[in-house]
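Note sheet for the following structure.
Convention: sequence-line order gives letters A, B, ...; per-chain numbering from 1. Just so it is clear, the values below take in all heavy atoms, side chains as well, and ignore hydrogens, waters and symmetry mates.
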2 protein chains.
Amino acid sequence: MSKCEQCIIRQFNALKSLHKEDLVRITSCKTSKVIKKGAVIFEEGENINGVFCIREGICKLTKLSPNGKEQIVRLVIKGDLLGQRSLVSNEVANLTAVAANDMEVCFIPKQEIVHNLSRNINFSMDMLKSMADELKLSENIIVDMAQKTVKQRLAETLLYLRENFGEDINGFLNIVLTREDYANIVGTATESAIRLLSQFKKEGLIATEGKKIKIENSEALKLVE
Amino acid sequence: MSKCEQCIIRQFNALKSLHKEDLVRITSCKTSKVIKKGAVIFEEGENINGVFCIREGICKLTKLSPNGKEQIVRLVIKGDLLGQRSLVSNEVANLTAVAANDMEVCFIPKQEIVHNLSRNINFSMDMLKSMADELKLSENIIVDMAQKTVKQRLAETLLYLRENFGEDINGFLNIVLTREDYANIVGTATESAIRLLSQFKKEGLIATEGKKIKIENSEALKLVE
DNA sequence: TTTAAATAATGATTTTGGTCATATTTTAAA
DNA sequence: TTTAAAATATGACCAAAATCATTATTTAAA
């Protein structure tokens with residue numbers, strides 16, 4: 001079992017502000033988990049009772065609508081804390097967390113986080129800041145959803161993914177999603193996402209190889225109308 | 001000039017956790033403002049340098065999209081703090097705040113809030129909680145935007161407004177918005193909002209009198225498809 | 001009180017995107 | 001390897017909502 005005091009991942013989230021002794025205590029009560037692609041980490045309505053620190057992999061935060069369609073609200077990535085909001089509000093999960101690829105996470109029980117929130121100002125300020133960032137992101141997504149076309153949102157999603165996950169040696173996006181995932185991020189039908197990706201390909205904006213996607217002309221993607 | 005120590009509005013937001021001496025200090029440096037309906041409190045990109053405590057009235061938080069359409073992201077009401085997110089992130093405003101009706105607000109300079117955030121755990125926890133609530137609300141709006149029809153969103157907006165602002169003696173919503181405002185909340189064209197409200201009226205779901213709207217059949221509104 | 005401007009209402013038309021159907025390809029399991 | 005299932009692709013059609021146009025009504029300003 002790895003030690004939090006020595007874990008570099010905490011540099012990327014609020015845990016960086018914890019003191020040595022707190023980290024030692026967390027090490028002794030945390031649990032590490034390996035999660036397979038597609039596995040559910042927690043579901044909407046579930047009591048989480050802690051937060052997950054993402055050591056490796058990507059997780060989709062989704063919500064199922066009454067009509068059976070799934071919306072991907074946000075992607076949580078390596079270094080992020082998962083479940084902060086529910087913990088702070090002391091509520092059950094509002095979203096479902098599903099592994100987008102194989103993941104490695106540590107689960108830190110609620111009382112440890114609460115303990116530090118109530119004693120360590122730097123820690124709670126960090127938490128506050130990351131929540132503020134998420135809020136800004138969400139507000140901007142609302143505006144995009146309301147005012148941009150599906151095509152524009154898909155183009156922006158591709159650019160966002162490259163920005164946040166980078167590309168491999170051949171220029172393909174490091175993150176590999178199904179067409180259905182793209183549709184669920186953009187908020188459209190799977191067929192529409194497929195059709196638009198085909199169109200982007202035909203127009204030379206992207207190249208594809210199976211599920212892998214490469215951005216060929218980011219300037220044109222930015223200008224999509 | 002009213003005194004924060006004696007102001008009951010602070011019970012509705014994080015300021016309730018401040019100590020007497022902090023409130024006294026805020027009283028001496030805050031400024032009170034009366035804001036006319038339609039006036040801009042701050043604009044996207046502006047440095048706010050503090051938070052506004054809403055003593056009276058309602059404020060629209062909007063964002064202008066490149067195509068010139070305005071989206072109302074959230075309504076901020078009596079008792080709320082306005083500008084928290086920008087202050088915490090130490091960023092310029094991400095949204096524009098416009099008075100939806102005549103307002104009375106107090107402006108509290110940034111350094112006062114920061115001072116308390118860094119010393120008063122209860123205050124920062126309250127701030128954290130309200131930010132978490134806003135985040136949850138925003139996430140749910142994203143899902144609604146992606147998966148519900150304009151008609152459903154409009155119906156939900158009407159129910160939400162009654163829930164949050166109540167109705168007058170005759171059953172009309174206490175909050176009075178233009179059809180354009182409705183469109184900008186729902187994320188649709190003004191004509192579409194007008195058309196759907198007319199339809200709701202024809203079907204007996206609502207009654208209208210000028211801009212005022214009365215919900216006649218909330219069960220049917222909940223079931224709109 | 002008159003006039004201008006803003007807001008609301010409604011029709012006609014077009015566009016976007018959803019749905020349904022079917023075929024092909026890819027992936028994973030037996 | 002064979003086979004079944006999942007994912008991708010594309011066509012045809014339909015519905016929701018946007019746009020454009022015009023008129024009526026309300027509100028605010030001169």
Side-chain angles (χ1 to χ4, degrees), chain A residues 36-39 60 65-72 98 100-102 144-155 157 172 176-203 206-213 224-225, chain B residues 36-39 60 65-72 98 100-102 144-158 172 176-203 206-213 224-225:
Chain A
K36 282 275 160 204
K37 176 179 172 176
K60 301 182 274 186
S65 80
N67 66 37
K69 284 211 60 180
E70 187 175 279
Q71 176 65 26
I72 297 178
V98 180
N101 50 30
D102 292 346
D144 287 351
M145 284 288 184
Q147 305 194 328
K148 296 189 176 163
T149 63
V150 169
K151 200 169 168 184
Q152 286 173 313
R153 289 184 338 247
L154 182 59
T157 298
F172 288 99
V176 175
L177 299 171
T178 65
R179 303 291 194 262
E180 191 181 7
D181 285 332
Y182 277 101
N184 293 345
I185 291 172
V186 167
T188 191
T190 306
E191 296 94 321
S192 298
I194 290 173
R195 244 182 270 272
L196 288 169
L197 286 172
S198 300
Q199 192 189 333
F200 286 166
K201 189 178 178 177
K202 212 169 288 169
E203 293 168 349
I206 62 169
T208 66
E209 197 172 279
K211 286 198 216 313
K212 292 191 297 175
I213 294 179
V224 158
E225 299 221 344
Chain B
K36 282 275 161 203
K37 176 179 172 177
K60 302 182 275 185
S65 80
N67 66 39
K69 283 213 58 179
E70 185 176 279
Q71 176 65 23
I72 297 179
V98 181
N101 49 30
D102 291 347
D144 286 351
M145 285 287 185
Q147 305 193 327
K148 296 189 176 164
T149 62
V150 169
K151 200 169 168 184
Q152 286 174 313
R153 288 182 341 244
L154 182 59
E156 282 183 11
T157 298
L158 290 167
F172 288 99
V176 175
L177 299 171
T178 65
R179 303 292 194 259
E180 190 181 8
D181 284 333
Y182 278 100
N184 292 346
I185 291 172
V186 167
T188 190
T190 306
E191 296 95 320
S192 298
I194 290 172
R195 245 182 268 273
L196 288 168
L197 286 172
S198 300
Q199 193 189 332
F200 286 167
K201 189 177 179 179
K202 213 169 286 169
E203 294 167 348
I206 62 170
T208 66
E209 199 173 278
K211 286 198 219 309
K212 293 192 297 176
I213 294 180
V224 158
E225 297 219 345

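Rounded to an integer number of Å, the gap from CZ of B:F200 to C1' of C:dT10 is 17 Å. If you measure from atom NZ of B:K69 to atom P of D:dA17, you get 13 Å, rounded to the nearest angstrom. Rounded to an integer number of Å, the gap from CD of B:E180 to C1' of C:dA8 is 11 Å. The nearest whole Å value for the distance from the CD1 atom in A:I206 to the C1' atom in D:dA9 is 13 Å. In this structure, the CG atom of B:L197 is 16 Å from the P atom of C:dT7, given to the nearest Å. In this structure, B:Q199 places its CD atom 14 Å from C1' of D:dA15, rounding to the nearest Å. Taking atom CD of B:Q147 as the reference point, atom C1' of C:dG17 lies 15 Å away to the nearest angstrom. In this structure, the NZ atom of A:K36 is 12 Å from the P atom of C:dA28, given to the nearest Å.
B:L154 is listed as a side-chain neighbour of B:L197, based on a closest heavy-atom distance under 4.5 Å. Two residues are said to be in side-chain contact when any heavy atoms from C-beta on lie closer than 4.5 Å; A:T178 and A:K211 meet this criterion. Residues A:V224 and A:F200 are in side-chain contact: their nearest non-hydrogen atoms beyond the backbone lie under 4.5 Å apart.
Residue contacts shown for B:T190 are absent, as no nucleic acid heavy atom lies under 4.0 Å away. Using a 4.0 Å heavy-atom cutoff across all strands shown, A:E191 reaches at least one base atom of the nucleic acid.
Checking A:S192 against A:G210, the closest nucleotide of DNA chain C that is more toward the 5' end is the one next to A:S192. Two residues, B:G187 and B:K37, neighbour DNA chain D, and the one matched to the more 5' nucleotide by heavy-atom proximity is B:G187.
Closest to the side chain of B:I194, out of C:dA8, C:dG17, D:dT8, is C:dA8. In the set C:dT10, C:dT7, D:dT8, C:dT10 carries the atom at the smallest distance from any side-chain atom of B:S198. Side-chain proximity of B:T149 to D:dT8, D:dA17, D:dT19: nearest is D:dA17.
For the pair A:K211 and C:dT26, the criterion of a side-chain N or O lying under 4.0 Å from OP1 or OP2 is not met. At least one side-chain nitrogen or oxygen of A:T188 sits closer than 4.0 Å to the OP1 or OP2 atom of C:dG18.
The shortest heavy-atom contact between A:I185 and A:M145 is O-CE, 3.7 Å. Smallest separation of non-hydrogen atoms from A:I72 and A:K60: CD1-CD, 3.5 Å.
Residue side chain A:R195 reaches the base of C:dT19 through a donor-acceptor N/O pair under 3.5 Å, judged by distance alone.
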